[in-house]
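Residue numbers start from 1 in every chain, and the chains themselves are labelled A, B, ... in the order their sequence lines are given, proteins ahead of strands.
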There are 2 protein chains.
Amino acid sequence: MASKGITGNASSRSTPLSAVQERTVGAALELFARHGVAGTSFQMIADALGVTKAAIYHQFKTKEAIVIAAAEDELARVETAIEAAENEASPALARDVLVARIVDLAVERRRMEGSLLGDPVIVSYFSHHEPFRRVMDRLYRVLMGDDAGPDGRLSAAMLTAAIGGAVMHPIATELDDEALRSQLLRLARRFLDLPT
Amino acid sequence: MASKGITGNASSRSTPLSAVQERTVGAALELFARHGVAGTSFQMIADALGVTKAAIYHQFKTKEAIVIAAAEDELARVETAIEAAENEASPALARDVLVARIVDLAVERRRMEGSLLGDPVIVSYFSHHEPFRRVMDRLYRVLMGDDAGPDGRLSAAMLTAAIGGAVMHPIATELDDEALRSQLLRLARRFLDLPT
DNA sequence: GTCTATACGCGGATAGAC
DNA sequence: GTCTATCCGCGTATAGAC
C-alpha cells in the first residue's frame, strides 16, 4: 500500500524520489488521511518513521515539498490507470476500464483524496502545473472521446470531483467499501451516459 | 454578502448567533476561502475585524466553534434553497429550481465550498450531526423524488459533491462565473436525467 | 543520513482590568 | 465587550557532531 508499483514510467514528477523519500511520502500520506494536511506536523511524520525531524529535512527542505511530492504520488496512480485504459483495444473498452479504475482508486484511498484535493496548497499548486493538466487532458480524452468540445475538460473535472467528493462526503461514511464502489460505478456510468 | 437573509427560520443551528457573532463568522468565512480553515488563525480574524483575539474568545470559546458556526451558516443557505424549491407547485418544478439554486450557490461561493467541505473538522462534525442529515434528506427527496431507494441519498451526495468539487477543481479556476454556471447546470441536469 | 540540541515565532487560550 | 499582558506548547527550521 505504501510505495510500490505506482511509479513505472508513469510518473510525471519533477524529480524522481529516492527510496527513503518514498517511505517518507508514504508515511506522510497516511497521516494526511487521518489528520489532514495542515494537521500533520513534521514531528508526526518523523515519529511514524522512527527518525527525527532533522532527518526529514534532509530529504525535503520544506513541508510544502512533502505535500507536493505526496500529491504527485497520487497523481501518478491516476496516470497508471489512464495508461492501462489507453492500452485497451477499443475506445469504448478504454472508457469502461478507466471509469472502473478511477472508482476503485477513489474508494481504496477514500481518506487521502479528500485531504489532498481539498487542500488549498495543492489546488493552487496544481492549477498552474503542466503535468497535472496533461494528465487531466488524457483523462478526459479517454472519457469523453477525442471529439469532446472545450467543455469536455470540465465534464471530466466534474466526474472526478463527483467521485472524489462523494467518497469523502459525510453520507458515504456509513457505507462500506463494496457498497460505495458499486454505487459510485453505477452513478458514474450514468453520468457518462453508459449502459448500467 | 455578509450575513443578511441567510437565516430566516431556515437555520437548523444549535444556537442562534448574535449580531457580533454573525460579523465574526462572516469575516472568518472570507478568510477561510482564501487561506483554508487550518490556515486561518484567530489573529487573522481579529485583525480583519479590527479587534483583538481576546475579544473573539468572548463570542466563541474555541476556534472549532467558529468553524462549526461558519459551516452551519453555509448549510443554512442550502436550506433556504431547499425551502424555496419545496414551495414550488409541482415536484418537477421543485427539482428544476433546486438544481439551479444549488449551482448558483456553489458558483457564487466557489472559494468557501472547497475549504469547508474538505476540512476534516467539518466532515467529522457533520457526519454525526442530525440537522445536517435532515437537510441532506430533504435535498435528496426533492431531487430524486419520494420513491428514491436507499441509494437516493448517495446520489444526492454525489451530485452535491460533483458540483461542490467541480467549482474548486483546478480546471474550474480558468472559467469565469457565467461559463462555469451554465456548464454545471447542464451537466447536473444530465446527471439527473433531466432534459437539457 | 541520522543524530542531539537549540532558536524562533506563532497559534490557541486564559486572567484580570476597563 | 474590549483591552493588555502573558502562558504554554508546537511547528518550522538550522547548526554541528557522529
Side-chain angles (χ1 to χ4, degrees), chain A residues 2-3 15-71 73 115-116 118-122 124-125, chain B residues 2-3 15-73 115-116 118-125:
Chain A
S3 51
T15 319
L17 298 178
S18 70
V20 229
Q21 284 175 321
E22 282 286 2
R23 275 191 64 230
T24 305
V25 168
L29 226 23
E30 231 141 276
L31 289 164
F32 289 166
R34 254 188 287 289
H35 311 285
V37 174
T40 302
S41 67
F42 257 76
Q43 188 62 67
M44 294 162 81
I45 299 173
D47 289 350
L49 291 170
V51 299
T52 60
K53 289 188 288 181
I56 297 183
Y57 269 96
H58 227 269
Q59 300 155 15
F60 300 96
K61 281 168 296 300
T62 66
K63 188 188 173 186
E64 242 200 56
I66 299 184
V67 174
I68 287 171
D73 226 71
S115 338
L116 288 179
D119 192 78
V121 176
I122 313 252
S124 77
Y125 177 73
Chain B
S3 51
T15 319
L17 299 177
S18 70
V20 228
Q21 284 174 322
E22 282 287 2
R23 273 191 66 228
T24 305
V25 169
L29 227 23
E30 230 141 277
L31 290 164
F32 290 165
R34 253 187 288 286
H35 311 284
V37 173
T40 302
S41 67
F42 256 77
Q43 189 63 65
M44 292 161 81
I45 300 173
D47 288 349
L49 291 170
V51 298
T52 61
K53 286 193 287 181
I56 298 182
Y57 270 97
H58 256 267
Q59 299 155 14
F60 300 95
K61 281 168 297 299
T62 66
K63 187 188 174 184
E64 245 202 55
I66 299 184
V67 175
I68 288 171
E72 286 178 330
D73 227 72
S115 341
L116 288 179
D119 190 77
V121 177
I122 312 253
V123 173
S124 78
Y125 177 74

The criterion is side chain to side chain contact (heavy atoms under 4.5 Å, CB included); which residues satisfy it with [X], sequence neighbours excluded?
| X | result |
| --- | --- |
| B:Ala33 | B:Arg111, B:Met112 |
| B:Ala54 | B:Thr52 |
| A:Ser124 | none |

Donor-acceptor contact present, side-chain A:Lys53 to main-chain A:Ser41, <3.5 Å
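The answer is no, because no donor-acceptor pair under 3.5 Å joins these two groups.
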
Can you work out whether A:Gly50 or B:His58 has the more 5'-proximal nearest nucleotide on DNA chain C?
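Here A:Gly50 is the residue nearer the 5' end.
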
Distances under 3.5 Å between protein N/O atoms and the N/O atoms of nucleotides 10-14 of chain C, please, pair by pair.
| unit_1 | atom_1 | unit_2 | atom_2 | d |
| --- | --- | --- | --- | --- |
| C:dG12 | OP1 | B:Lys63 | NZ | 3.2 |
| C:dG12 | OP2 | B:Phe42 | N | 2.8 |
| C:dG12 | N7 | B:Lys53 | NZ | 3.0 |
| C:dG12 | O6 | B:Lys53 | NZ | 3.2 |
| C:dA13 | OP2 | B:Tyr57 | OH | 3.2 |
| C:dA13 | OP2 | B:Lys63 | N | 3.2 |
| C:dA13 | N6 | B:Lys53 | NZ | 3.4 |

For residues 42-70 of chain A, which residue pairs pass the ring pair (Phe, Tyr, Trp, His ring centres under 6.0 Å) check, not counting sequence neighbours?
A:Phe42-A:Tyr57

Over 12 non-hydrogen atoms of neighbours within 6.0 angstrom of CD in B:Glu64:
no

Considering only heavy atoms of chain B and a distance under 4.0 Å, specify the first and last nucleotide of DNA chain D in 5' to 3' order that meet this criterion.
D:dG1 to D:dT4

A:Ala27 and A:Leu49: which non-hydrogen atoms are nearest, and at how many Å?
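For A:Ala27 and A:Leu49, the tightest heavy-atom pair comes out as CB-CD2, 3.8 Å.
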
Close side-chain approach of B:Glu22 and B:Asp73, heavy atoms under 4.5 Å:
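Of all side-chain heavy-atom pairs linking B:Asp73 with B:Glu22, at least one is under 4.5 Å.
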
